[in-house]
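For the numbers below, each heavy atom of this structure counts, side chains included, while hydrogens, waters and symmetry mates do not.
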Amino acid sequence: MTEQTRTAHTQTELPDIALSPGSADPALQPRLVVTDLDGSLLDHHSYDFSPASPWLARLKQLGVPVIPVTSKTRAELISLREALGLTATPFVAENGAVIGLPPGWCHARLDRPGSGLDGVVVKHTGVDVGFIRARLNVWRKRLGVRFTRMSELDIAQVMALTGLDEPRAKAARKREGSEPLIWEDDEAALANFRLALEGDGLTLTQGGRFWHVMGKASDKGSAVDWLVKRFTALRGRAPLSLGLGDGPNDISMLDAVDQAVVIKGCHDLTVTPTNTALYRTKETGPTGWAEGVAHWWGRDDRRLAAVLSQQPETA
């Protein structure tokens, strides 16, 4: 790892803390947060995140990476990461189909320098969106099922469905490895459609507003597993991971972390992770997000801060 990469890397993580053999104090373990955005860190309707801002600032102060894991596109995340103050941390876009790594998370031998406008190294975990759209057209005709792909909607329709302004609605249509759709048929047709997609190596998952079709190897949980392994490889120690989400497409992510939070949703969808370290919030959106972080880490916060205050400053 180069000195520049090492410096950038340390800005996003907890300083190393010497532990005595057998120490199990969770407050002293490196930490990692992975989070859904819409309906979780961001309000489902207004996209406001101010109720979560104090915890975001606190985690940044402590050097704990907060990683967006979302159905949004990489294009949408460019401005959002800036607004949230998360440009130094990785992101997972399109429900796991795209992983973005900033310089501090890159491996000198494994990752080529980022060439995009956002300066990140992009890894595609699944299949190209062109293949997905072609197969959707085939199965819609062959099975006679009814749905509308996002790419078939005009900008005004996307804006009306999502509440996004025009620039963000255009960014939402810039898909790389997944295709959202509006399902307009019954449950039996949905089951047949799902089976047909599986034969093509594709999977169907339900989000807050859309169903999402992507490669079978692409899901939020797999992407989080990959990032935890990358963190461990670069740091030499596995982090204590916390995941927060509100929808069915978050289940694999919530089962891939040490501690999980299901945020009360503004929908009637069932979210049932198998993670035994699970907390369900009473509040929705970013207020519930802050409630979930405080539930797991609030009691550790003062002890963690006290330990960090005794450490020498990192370069």
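Between Val213 and Leu197 the shortest side-chain heavy-atom distance falls below 4.5 Å. Here the side chains of Met150 and His212 are not in contact, with every heavy-atom distance at 4.5 Å or above. Here the side chains of Val34 and Met253 are in contact, with some heavy-atom distance below 4.5 Å. The side-chain heavy atoms of Leu37 and Leu84, taken from C-beta on, include a pair separated by under 4.5 Å. At a threshold of 4.5 Å between non-hydrogen side-chain atoms, the residues Leu234 and Arg230 count as touching. Contact of the Met214 side chain with the Arg175 side chain is not registered, since no non-hydrogen atoms from C-beta on lie closer than 4.5 Å.
At distances below 3.5 Å, at least one donor-acceptor pair connects side-chain atoms of Glu94 with backbone N or O atoms of Gly177. Looking at Arg74, its side chain never comes within 3.5 Å of a backbone N or O of Phe91 through a donor-acceptor pair. No donor-acceptor pair under 3.5 Å is formed between the side chain of Trp105 and the backbone N or O of Phe231. In terms of modelled atom types and a separation under 3.5 Å, the side chain of Asp250 and the main chain of Gly247 share a donor-acceptor contact. The backbone N or O of Gly96 sits less than 3.5 Å from a side-chain atom of Thr125, completing a donor-acceptor pair. Although no hydrogens or angles enter the test, the distance criterion places a donor-acceptor pair under 3.5 Å between the side chain of Asn275 and the main chain of Val257. Side chain of Gln157 to main chain of Asp154: a donor-acceptor pair is present (N/O by atom type, distance under 3.5 Å, no hydrogens or angles). In terms of modelled atom types and a separation under 3.5 Å, the side chain of Arg146 and the main chain of Glu184 share a donor-acceptor contact. Listed for the Glu283 side chain is no donor-acceptor partner under 3.5 Å among the backbone atoms of Glu291. Between the side chain of Ser222 and the backbone N or O of Ser218, no donor-acceptor pair lies under 3.5 Å.
Within the cation-pi definition used here (under 6.0 Å to the ring centroid, within 45° of the axis), Arg142 qualifies as a partner of Trp139.
Taken to the nearest 0.5 Å, the OG atom of Ser252 stands 9.0 Å off from the CG atom of Asp225. With rounding to the nearest 0.5 Å, the separation of NZ in Lys264 from CG in Asp246 is 12.5 Å. To the nearest 0.5 angstrom, Glu198 atom CD is 11.0 Å from Phe193 atom CZ.
Val224 pairs in a side-chain contact (heavy atoms from CB on, under 4.5 Å) with only one of the listed residues (Val69, Ile67, Leu254), which is Val69. Phe210 pairs in a side-chain contact (heavy atoms from CB on, under 4.5 Å) with only one of the listed residues (Asn249, Thr162, Leu181, Thr148), which is Thr162. When each of Ile263, Leu56, Asp36 is tested with Leu41 by the rule side-chain contact (heavy atoms from CB on, under 4.5 Å), just one qualifies, namely Leu56. Across Leu244, Leu86, Leu242, a single residue satisfies side-chain contact (heavy atoms from CB on, under 4.5 Å) together with Val66, and that is Leu86.
Between Tyr279 and His295, the ring planes are parallel. Angles under 30° get that label, and only those over 60° would be called perpendicular.
Glu179 has no carboxylate O lying under 4.0 Å from a charged side-chain N of Arg140, or vice versa, which leaves the two without a salt bridge. Using a cutoff of 4.0 Å between basic side-chain nitrogens and carboxylate oxygens, Lys170 and Glu166 are scored as salt-bridged.
Ring-centre distance between Trp211 and Phe147: not below the 6.0 Å cut-off.
Between Ser71 and Asn95, the side chains place no donor N or O within less than 3.5 Å of an acceptor N or O (distance only, hydrogens not considered).
Hydrophobic cluster membership is shared by Val293 and Leu240, with clusters built from Ile, Leu, Val, Met, Phe, Trp and Tyr side chains linked at under 4.5 angstrom.
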